[in-house]
Amino acid sequence: MGVLRIMSDGIRKVLSIQSHVVSGYVGNKSATFPLQLLGFEVDGINSVQFSNHTGYGYWKGQVLNESQFGDLMNGLRSNGLDNYSHLLTGYIGSESFLLRVVDVVRHLRKVNRNLVYVCDPVLGDNGHMYVPKEMLPLYRDRIISLSNILTPNQFEAELLTGEKINNLDDAVRAMKLLHAKGCDIVVLSSSDFGSEDHLLALASSHINGKRKSVVIKIPRFKQHFTGTGDLFTALFLAWMSRTQNDLKTSMEKTIATMQTVLKKTVDYSEGLEIENSSSRKFELRLIQSKVDIENPNVVIKAEVLQT
Amino acid sequence: MGVFLLMSNEMHKVLSIQSHVVSGYVGNKSATFPLQVLGFEVDAINSVQFSNHTGYGYWKGQVLNDSQLGDLMDGLKSNGLDKYSHLLTGYIGSESFLLRVVEVVRHLRTVNEKLVYVCDPVLGDNGQMYVPKEMLPIYRDRIIPLANILTPNQYEAELLTGEKINNLDDAVRAMTLLHAKGCDIVVLSSSDLGSENHLLALASSLIDGKRKCVTIKIPRFKQNFTGTGDLFTALFLAWMSHTQDDLKASLEKTIATMQAVLKRTIEHGKSLGNEESTPGNFELRLIQSKEEIEKPKVVIKAEVLNI
Ligand SMILES: Nc1ncnc2c1ncn2[C@@H]1O[C@H](COP(=O)(O)OP(=O)(O)OP(=O)(O)O)[C@@H](O)[C@H]1O
Ligand SMILES: Nc1ncnc2c1ncn2[C@@H]1O[C@H](COP(=O)(O)OP(=O)(O)OP(=O)(O)O)[C@@H](O)[C@H]1O
């Protein structure tokens, strides 16, 4: 009840610039419904419209270029529709589009100086970059300093800081470096120095000179999923806002929902007569997880790190 | 076999071909969230991506052409992602796009012969057409025979049947004519046959030779809204599916939600206290109405007509 009261006071309106897929759950398809369920209006700018995500190997669709992106912003601006509480960006495919995002952050902050910019700096995973390498310096030197919440994976944190991350200490140090670049909250949404059975996620905040770090052990599923990073970031945004930046609670609620969504996804896949290599088999069961999104049942607790 | 049967019974998956607006609630922005809350997966093909709806007078964005629609369908098809329980179409802006929709319906029916095609034949309102006039014969002669549920407004029903609707008898006759063209369920989502204080909506079904007609008196708000037709159609689709085609219950639940959403929208619009009502002040308060979408409280009952 308390939470609901708080929500009705301020605006809860996210401009979310991500991919759209007709079928399946990545990008805006993964982020929008959870945010809406948690009380946020979500204005989606679809940076692409594809039939399905690229992991399938075959897809068709359209790509939004930076001038079309500019047009949409122009339409919003001209009608006074550009007052947002949050900006959320995920996968961005080109340098020119990312440069336009820099302008957009600046503009939205002029309209609402309390704008929270949540940036998933999608560069690659497991040692591989999957965006043009010219985008790295842009993220590092121009985007990070504008963002309030940054959610890199381990590889992205390494690229952005230029430091290898082999253990918990390295991770904490990397997050510190990212704070130093101007970002209040950094979340390593997944890292591989957990164990065979666990992933480790870390979150760190540096607000008003006070540093806080938490870590959570995530039971690992054997399967490979797509869209989980986008879902994670959306959930984390929602819970940070609803808990007034309670890092530990936000992480716990986010992971609680992630685990049930993935459990449902795996359970459902077992009844499907599709080969395991097919992306179709492991599309997130997001719509079927409505209750778990609205009321995450926290069983895995996060630990506060002494740093 | 048993499992397969069960699964196909349980499939709630809609391909929804409608407009997307970044800000506000029309087209897919109006239809998707309610359908998802009511348990449907919604695969959206955005026929346009605009900053906002055209009622603002100024907008910017992109239009999907018929060959791009074909591309998206090709992507779905190639990955076996084209099995849907429902197809939903709303505003379509060109003849060539509508002709492509004809192919889409045919194709989806070859994949799932039980596909339910829900068509809002958007042509105009209050005596004005707002699509090219060449689209009328395509809707009338090619689309309607393929549709299972048709949701014209009064003016659209007049255009499609070529008969004026001045009273309840006329409306029933128009629906009879539309059944004769091959459509199982016809809903006149709004008509001015009520009174100054009421709109009248009517629904009619002709299934296995059995005719049924219901009507409902809708308290009229003095405000003009946008996106209400799209919301109405989405809700009606959901409730017809959940109630196994119970026309009366579906209409009642749909109207219960509509009234709650519009009431909240008006209250919010007034609270903004602006001198004049800009379209932005009366965007539907959809996200805030989650509970009334999930659990509509029926207070206005529909009446069964003896015909
Ligand atoms: N195999 C898995 N087992 C358990 N949890 C997983 C698994 N894969 C993803 N997750 C969940 O998804 C979250 C995000 O991790 P994921 O690896 O998908 O994205 P990321 O690579 O960290 O982020 P991004 O690629 O978007 O920058 C994790 O915190 C975890 O909760
Ligand atoms: N002023 C109003 N007062 C009360 N209800 C309204 C009002 N405007 C719209 N509605 C609700 O919206 C529903 C759809 O009516 P609306 O006139 O918006 O669409 P439509 O013109 O019938 O459909 P479309 O234009 O999509 O073919 C009505 O059944 C009613 O429930």
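Lettering follows sequence order; numbering is per chain, from 1.
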What part of A/Ile274 is in contact with chain B, defined as an atom under 4.5 angstrom from a non-hydrogen atom: side chain, backbone, both or neither?
neither
About how many Å separate CD1 of A/Ile287 and CD of B/Glu41, when rounded to the nearest 0.5 Å?
6.0 Å
When A/Asp43, A/Leu37, A/Val21, A/Leu76 are compared by non-hydrogen pairs under 4.5 Å with chain B, the top option:
A/Asp43
Which region of B/Val37, side chain (C-beta onward) or backbone (N, CA, C, O), has a non-hydrogen atom less than 4.5 Å from a non-hydrogen atom of chain A, or is it both or neither?
both
So which residue, B/Thr32, B/Asn46, B/Asp74, ends up with the most heavy-atom pairs under 4.5 Å with chain A?
B/Asn46
Write out, in numerical order, the residues from residues 49-67 of chain B with a heavy atom short of 4.5 Å from a heavy atom in chain A.
B/Gln49, B/Phe50, B/Ser51, B/Asn52, B/Tyr56, B/Tyr58, B/Lys60, B/Gly61, B/Gln62, B/Leu64
Looking at A/Ser278, A/Ser78, A/Ser279, A/Gly80, which one has more heavy-atom pairs under 4.5 Å with chain B than the rest?
A/Ser78
SB check B/Lys29 A/Glu41 (cutoff 4.0 Å):
no
For residues A/Lys290 and B/Glu294, determine if any side-chain heavy atom of one lies less than 4.5 Å from a side-chain heavy atom of the other.
yes
Is it true that atom NZ of A/Lys263 has more than 12 heavy atoms of other residues, nucleotides or ligands lying nearer than 6.0 Å?
no
Drop me the distance from B/His20's NE2 to A/Ile45's CD1, to the nearest 0.5 angstrom.
8.0 Å
The reported gap from OG in A/Ser23 to CG in B/Leu76 (rounded to nearest 0.5 angstrom) is 6.0 Å
Do you know which of A/Gly24, A/Gly44, A/Ser16 has the most heavy-atom pairs with chain B at a distance under 4.5 angstrom?
A/Gly44
Given a strict heavy-atom distance threshold of 4.5 Å, which part of A/Gln288 is in contact with chain B: side chain, backbone, both, or neither?
side chain
Are A/Leu15 and B/Val22 packed together at the side-chain level, in the sense that at least one heavy-atom pair is separated by less than 4.5 angstrom?
yes
Segment of A/Leu286 engaging chain B (4.5 angstrom heavy-atom cut-off):
neither
Less than 4.5 Å to any heavy atom of chain A: does that hold for the side chain of B/Glu283, its backbone, both, or neither?
neither
